[in-house]
Structures are given as C-alpha cells and as structure tokens.
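Ligands are counted one by one from 1 in listed order, and the atoms in each one are counted from 1 as well.
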Amino acid sequence: LNGNVIIGAGGGLRNELEEADIPPTAAKPKINESGRQSADKKPRKKAAPIPLKPKLQDDTKKVIDPPGNFDENLGEMGKPVTLPKEMTDEMKKAVETGWTNNAFNQYVSDLISVHRTLPDPRDAWCKDSAHYLSNLPATDVIICFHNEAWTVLLRTVHSVLDRSPEHLIGRIILVDDYSDMPHLKTQLEDYFAAYPKVQIIRGKKREGLIRARLLGAQHAKSPVLTYLDSHCECTEGWLEPLLDRIARNSTTVVCPVIDVISDDTLEYHYRDSSGVNVGGFDWNLQFSWHAVPEREKKRHNSTAEPVYSPTMAGGLFSIDREYFNRLGTYDSGFDIWGGENLELSFKTWMCGGTLEIVPCSHVGHIFRKRSPYKWRSGVNVLRKNSVRLAEVWMDEYSQYYYHRIGNDKGDWGDVSDRKKLREDLQCKSFKWYLDNIYPELFIPGDAVAHGEISNIASGMCLDGQEKREEAATVSVYQCHGQGGNQYWMLSKVGEIRRDDYCLDYAGKEVILYSCHGGKGNQFWTYRENTKQLHHGTSGKCLSISEKKDQLLMEECSQSLTRQEWLLESYDS
Ligand code: UD2
Ligand code: MN
C-alpha cells in the first residue's frame, strides 16, 4: 500500500471550497494526561470517556445519532470502522460534510477514542534496547495545522503523549496556521490546559505550512525538533529509534516509516521492515516512493536498520535543532504547500548531512486524495516553490524541470540569500548528489531525445497521463508546447518514457505502464531516415488515424506520412 500512495494531492487538485462551519466537539477527557503508557503495561483500556455520539454537529447544534450497533471499542487496535449501508438522511449528511471539509471520513474519526490503541508494527530487532543509546536527547514536537478536524488533531497529540517516554518530550508545539473552524479558535486552549507540555501558537495570518513550521521552530528549546502532520498517530516505540540516530550524529536527519491510516475507515495499515520504501523524485519535482535499492541493502545485516533515502516525504521527521539552523531551515519564500521536502532533502545531502528512513519507527498518517483547504488564488504556489528550489539547488539540471513545465517559470521572487547560504555552507553540486545519492534517477540529458513527439503530417503530439495504480491509454492531442503530458524521453535502451512509466504495446492499445527494463513490449526504435517509430515485439509502427484524432499501431509503410514523427532535441 505504502508504495503506491500519492503524497499530497495538493498540486493541481486544490479546492476553493469554503470550509463549512463546524461547531466544536463537546466532551473533554477527565483524566490528567501527564505522560506515557509504558511499553510493558497492557494498553490502557479507555483513558478518556469518549461519548458514543459523533460530535460532528451541524449549525443547528443537533447531534446526529450513530447507528445502534456501535460500541465504544470502535477503531481500537487500529481496526477499521465501517459505517452501515443503511443510514438516516441526517447521518448521511453528516458523513458527507465530514468528507467535504477534510477529505477524509471525519464522522468515523469522531466515533473513535482519541486515545485509541494501535498494533505494534515493529520488527523484533527493534525491541532490543542494545540497538539504542541509553542517553537520548529530548525533542520538541511541532504540529502545524490549518483547519484540522478536532478528534484527528487530538488523537495526533495524544498519540505522542501516550506513546513517548515522558522525559524525551520537551514540548508539543501546536501551530495554528490561521484556522477559522470555530473549535480550533476557541476550544484548544481549554482542552490542553490540563497538559502542561502542550503549547499553542497562533499565526496572525495564513502562512502556509512552511512558514508555520518555522514559527514553531522559533518557540522550540529542546535539542531536537520533530515535525508531524496534524493527522498522524504515533505507535509504541516510535521516538527512541529516531533520537538514537541523531544522538550518534547530529547531521543525520531521520524519518519514521509512514504507515497508512485509511481516509475512509481509519484502519491502521503497516508492513514489516522488508516492505520499507525510500524517497525519490521525478523531473516534475514530485516526490515518489521506491524500493530500497540493492546497493543500499548490501550495507545492512537487517532490514530493520536505518536506510539512506535520497529524499523525504516531508511531513514527518526529526532533526537536530542546531543543524536545522545551520542548514538555513526552510526557504521562507515557500508558500502554503510543496517543495520544502525536496529542499531539505537536497541540502541535507549536498551540505554534508545524511537522510535516513528508520524502519523501527512507525507513525501513521491519513493520506488524502485532494487538498481540503484553500490555497492562494491567482498564483501557482507549487510551481513557484519548485522554481525557487530548482534555481538554488539544482544547477544545470534545473533545465529538465523547466522543460517539463514548458519553460513557463512565472515569478519566483528573489532567491539571492538562499544562493548565498548554499555558498557559505560550501555545499556539493547537484551532479554529485545525483551520482552518489540517487544514481537510479533517469536523467533526461542521457536520453536520445526528450520533449515533444510530434506527428509531422498533423501537428498532433503524443499525449498521455500516467496513472499510478492502473495502465493509462496514450493518445494524441494538439501540440501545446507546455511539456506536461506531452513530455517524453527516448532512452538509450529504446524506451519511450516519462519518469518511471513507459510506452507499452501488447497488441491492443498503446498504454503507459511501469518501466520494466526488459525491452519486449516497451522497446521502440526511431528510424531516423523514415522518421518512423518502430515497435519491437509487434514489428508495427506508431501511427495516427486518418481523421488525425487517434493513435494507431499499423504495419510499417514508408508511403504513409502519418507514420512520421519528429522527436524534440533528438541527438543521433
Ligand atoms: C506532504 C507531507 C506534508 C508536506 C507536503 C509538502 C507527509 C505525510 N506529508 O503532504 O507534511 O511536506 O507534502 O509540502 O509527508 N498546513 C498548514 N497550513 C497550510 C497548509 C497545510 O498548517 O496552509 C498543515 C496541514 O494541516 C498538515 C500539514 O500542514 O498538518 C501538511 O499538509 P497536508 O497534510 O495537506 O499535506 P500532505 O500530507 O498532503
Ligand atoms: Mn498530511
């Protein structure tokens, strides 16, 4: 599951919906939560009395009754909660509102204890204390949020308090990035008054998650900073393996394994350490997950040992506070969402540090299929962040990203102080990073051609969008010169590819499929003299229909101009 998850649907899928008014949830837990639940104690049954009725209320303050068969152990041990097929209209409406406002099933979250128990996802190797130093530094945990669902936010905080050794948590710093949901504006201080470790900071305007994180860091005092998204759940023993790595070397930046909490049922999914993934990216500067490469596996005796990762997903990590400052924290010119994870990843590696994923540390996260909150209107925020990133850190390799976005860079502001930072730190080149830290990445410059593949007779371009979980058909569309779905690379081994997806023909339609490197259905040859794209196993040629609106595979014929293609930046 983990491997195919789309991190952040934010790019392009933003949603301009007004958040609806969600009145606060009512009951506060009565216990005074001071510390942790120790590893050898049985999981606490029910620390706080969580009322059975979902606390999602509509404007009329009328509580929506849950179906009668619900019990108070819902969701315990990370089990899924499935709503009955038959629901009253009121309930249906409440469920729907929850989805609209959060892009996950808030109604289900409201039925589950904010102290719910979780399975222990660790390998046996992880439980051997000989693998950790005994004297670990404390951390502040910084959780930024913009309009987070009440029970989800509370569960995040309680999972930290309930499952971390007390002395290792300095403070939990909640940074409210200008939420306007009423419960967050009025009830947070009251609720956390009983928890001295929890500190609440409020931004005076909407800053976006990157500057909100910086605001949190300004209030931190512990030697280590740990960042979490506001819809996470930490599992038993999550913290020690992270802190251990930093205690050994303060330039090591560490990420837990991010387990998947279902957006629908809130089920907690996990895999053992043989299924751990590391982070990468593509030339659209999107983060992606990959299996641990062989060269990395060879460095280890056990799959539970920390593994090098070229990049981090972004939301969940620990870093030495001084090292974070030395690296120049984040580029504060980054707005709302995106790009900051690659910035921190690139400079960690390029400026002398190490980035690791720690398989013994598991934290769950609710992955969403769209971004539920408002972004800025009139600006392509993600593109601006990415151009800033490319300008400062990617040297001549930035051209591949720009090509991919049709060289439409927009206004990215001033990055001179970030360039100076890189110089002052005497960081290595991006080429060094690619060669040594991410040699698996396919470089467009190594391709025989990269850019558009246009049909000479028709002015139509090969066009297709990859889909992560299924095969996507490829077709033709008017050439638009904006890169994107018309950006292709012809690799030296005869693949027509974009990132990890290859043009594939098995006799039916031309599709985009994960590159397998085995030639076969993914093997294409460009015949320079006839301008034909010849397919290996079928012997056919790529062609366009007489109406010029469809992609075809047909017998190769030199008299058919519709089989003639031009490859941008073709280098024979
Ligand atoms: C992923 C990361 C996220 C961040 C992002 C790229 C994980 C699990 N998540 O996206 O942490 O690195 O990629 O930027 O690695 N928020 C604010 N203000 C805003 C927008 C968001 O405070 O203007 C908060 C939000 O409430 C959440 C966090 O920032 O706690 C991350 O946002 P997200 O959950 O929408 O991002 P996600 O998980 O899709
Ligand atoms: Mn998130």
Side-chain angles (χ1 to χ4, degrees), residues 2 5-15 19 101-104 141-150 152-157 172-181 184 200-203 205-217 226-234 253-261 263 277-279 281 285-289 309 311-319 330-331 334-345 355 357 362-377 379 381-386 388-389:
N2 215 342
V5 145
I6 301 168
I7 296 268
L13 289 176
R14 68 207 166 104
N15 176 302
E19 292 88 352
N101 293 332
N102 306 285
F104 54 68
V141 180
I142 302 174
I143 302 169
C144 303
F145 59 91
H146 175 73
N147 283 344
E148 189 57 89
W150 181 249
V152 168
L153 176 63
L154 261 46
R155 195 174 296 113
T156 305
V157 177
I172 298 181
I173 302 174
L174 300 181
V175 184
D176 174 14
D177 186 15
Y178 210 61
S179 302
D180 51 19
M181 288 179 172
L184 298 171
I200 297 158
I201 295 164
R202 294 182 189 273
K205 59 175 172 30
R206 176 82 181 278
E207 295 288 2
L209 77 92
I210 294 110
R211 286 189 298 272
R213 281 188 194 159
L214 293 176
L215 185 62
T226 299
Y227 284 98
L228 297 177
D229 274 9
S230 48
H231 33 257
C232 288
E233 288 177 69
C234 302
V253 181
V254 281
C255 306
V257 170
I258 309 178
D259 290 331
V260 174
I261 302 173
D263 56 351
N277 281 315
V278 295
F281 68 91
L285 301 187
Q286 298 276 340
F287 172 86
S288 51
W289 291 110
S309 182
T311 68
M312 65 159 84
L316 290 59
F317 66 96
S318 297
I319 189 167
Y330 286 122
D331 178 352
F334 278 35
D335 204 8
I336 306 286
W337 188 101
E340 93 296 342
N341 56 327
L342 298 186
E343 195 217 79
L344 188 54
S345 308
L355 179 61
I357 288 177
H362 283 250
V363 178
H365 170 263
I366 307 180
F367 288 91
R368 302 187 268 211
K369 295 182 185 72
R370 64 176 176 91
S371 185
Y373 42 75
K374 278 187 283 180
W375 286 39
R376 300 229 190 273
S377 43
V379 206
V381 168
L382 184 60
R383 178 165 300 186
K384 185 175 175 188
N385 294 352
S386 301
R388 289 181 73 87
L389 167 74

> Do any N or O atoms from the side chain of Arg155 and from the backbone of His231 form a donor-acceptor pair under 3.5 angstrom?
Replying inline: no
>> So, 4.0 Å and heavy atoms of Arg206: is ligand 1 close enough to count as a contact?
In response: yes
> Any salt bridge between Lys384 and Asp335, counting N to O under 4.0 Å?
Replying inline: no
> Which atoms of ligand 1 sit under 4.0 Å from any heavy atom of Leu316?
Replying inline: 8 (C)
> For ligand 1, which atoms have a heavy atom of Tyr373 less than 4.0 angstrom away?
Replying inline: 20 (C), 21 (C), 32 (O), 33 (P), 35 (O)
>> As an exercise, identify every atom of ligand 1 less than 4.0 angstrom from a heavy atom of Glu340.
In response: 4 (C), 6 (C), 12 (O), 14 (O)
> Pick from Asp180, Asn102, Asn101: which one makes a side-chain hydrogen bond (donor to acceptor under 3.5 Å, both in side chains) with Asn147?
Replying inline: Asp180
> Does any N or O in the side chain of Asp177 come within less than 3.5 Å of the main-chain N or O of Glu207, such that one atom is a donor and the other an acceptor?
Replying inline: yes
> Which of the atoms in ligand 1, numbered in the order shown and given with their element, are less than 4.0 Å from a heavy-atom of Gly208?
Replying inline: 18 (N), 19 (C), 23 (O)
> Quick one: does Ser371 get an N or O within less than 3.5 Å of an N or O on ligand 1?
Replying inline: no
>> Using a 4.0 Å heavy-atom cut-off, which part of Arg213 comes near ligand 1: side chain, backbone, both, or neither?
In response: side chain
> Are the side chain of Glu340 and the backbone of Tyr330 linked by a donor-acceptor contact shorter than 3.5 Å?
Replying inline: no
> Less than 4.0 Å between a side-chain N and a carboxylate O, is that true for Arg368 and Asp263?
Replying inline: no
> Looking only at N/O atoms, are Gly315 and ligand 1 under 3.5 Å apart anywhere?
Replying inline: yes
>> I want to confirm something. Looking only at heavy atoms, which of Tyr178, Phe317, Trp337 is nearest to atom 36 (O) of ligand 1?
In response: Trp337
>> Taking 2.8 Å as the cut-off, does His365 contribute an N, O or S atom near the Mn ion (ligand 2), distance below it?
In response: yes
> With the Mn ion (ligand 2) as the point of reference, which N/O/S atom of Asp229 is the closest?
Replying inline: OD2
> What do the steps show when you test Phe145 against Thr156 for side chain to side chain contact (heavy atoms under 4.5 Å, CB included), and what is the final call?
Replying inline: CA-CA 11 Å; Phe145 59 91; Thr156 305; over 6 Å; no
> For atom 8 (C) of ligand 1, which of His365, Arg368, Arg376 has the closest heavy atom?
Replying inline: His365
> Out of Gly216, Cys144, Gly203, whose heavy atom sits nearest atom 24 (C) of ligand 1?
Replying inline: Cys144
>> I'd like to know if the side chain of Asp259 reaches the main chain of His362, judged simply by a donor and an acceptor atom lying under 3.5 Å from each other, with no hydrogens or angles considered.
In response: no
> Do Asn341 and ligand 1 have an N or O pair less than 3.5 Å apart?
Replying inline: no
> Of all heavy-atom pairs between Thr311 and Phe287, which one has the smallest distance, and what is that distance?
Replying inline: OG1-CE1, 3.2 Å
> Atoms of ligand 1 less than 4.0 Å from Gly338 heavy atoms?
Replying inline: 6 (C), 14 (O)
>> Please classify the His231 to ligand 1 contact at 4.0 Å (heavy-atom distances, strictly less than): side chain, backbone, both or neither.
In response: side chain
> Of all N/O/S atoms in His231, which lies nearest to the Mn ion (ligand 2)?
Replying inline: NE2
> After noting the C-alpha distance and the side-chain angles of Ile258 and Phe367, does the key distance pass the side chain to side chain contact (heavy atoms under 4.5 Å, CB included) rule?
Replying inline: CA-CA 10 Å; Ile258 309 178; Phe367 288 91; 3.6 Å; yes
>> Within ligand 1, which atoms have a heavy atom of Asp177 less than 4.0 Å away?
In response: 17 (C), 18 (N), 19 (C), 22 (O), 23 (O)
> Just checking, any donor-acceptor pair under 3.5 angstrom between side chains of Tyr227 and Arg213?
Replying inline: no
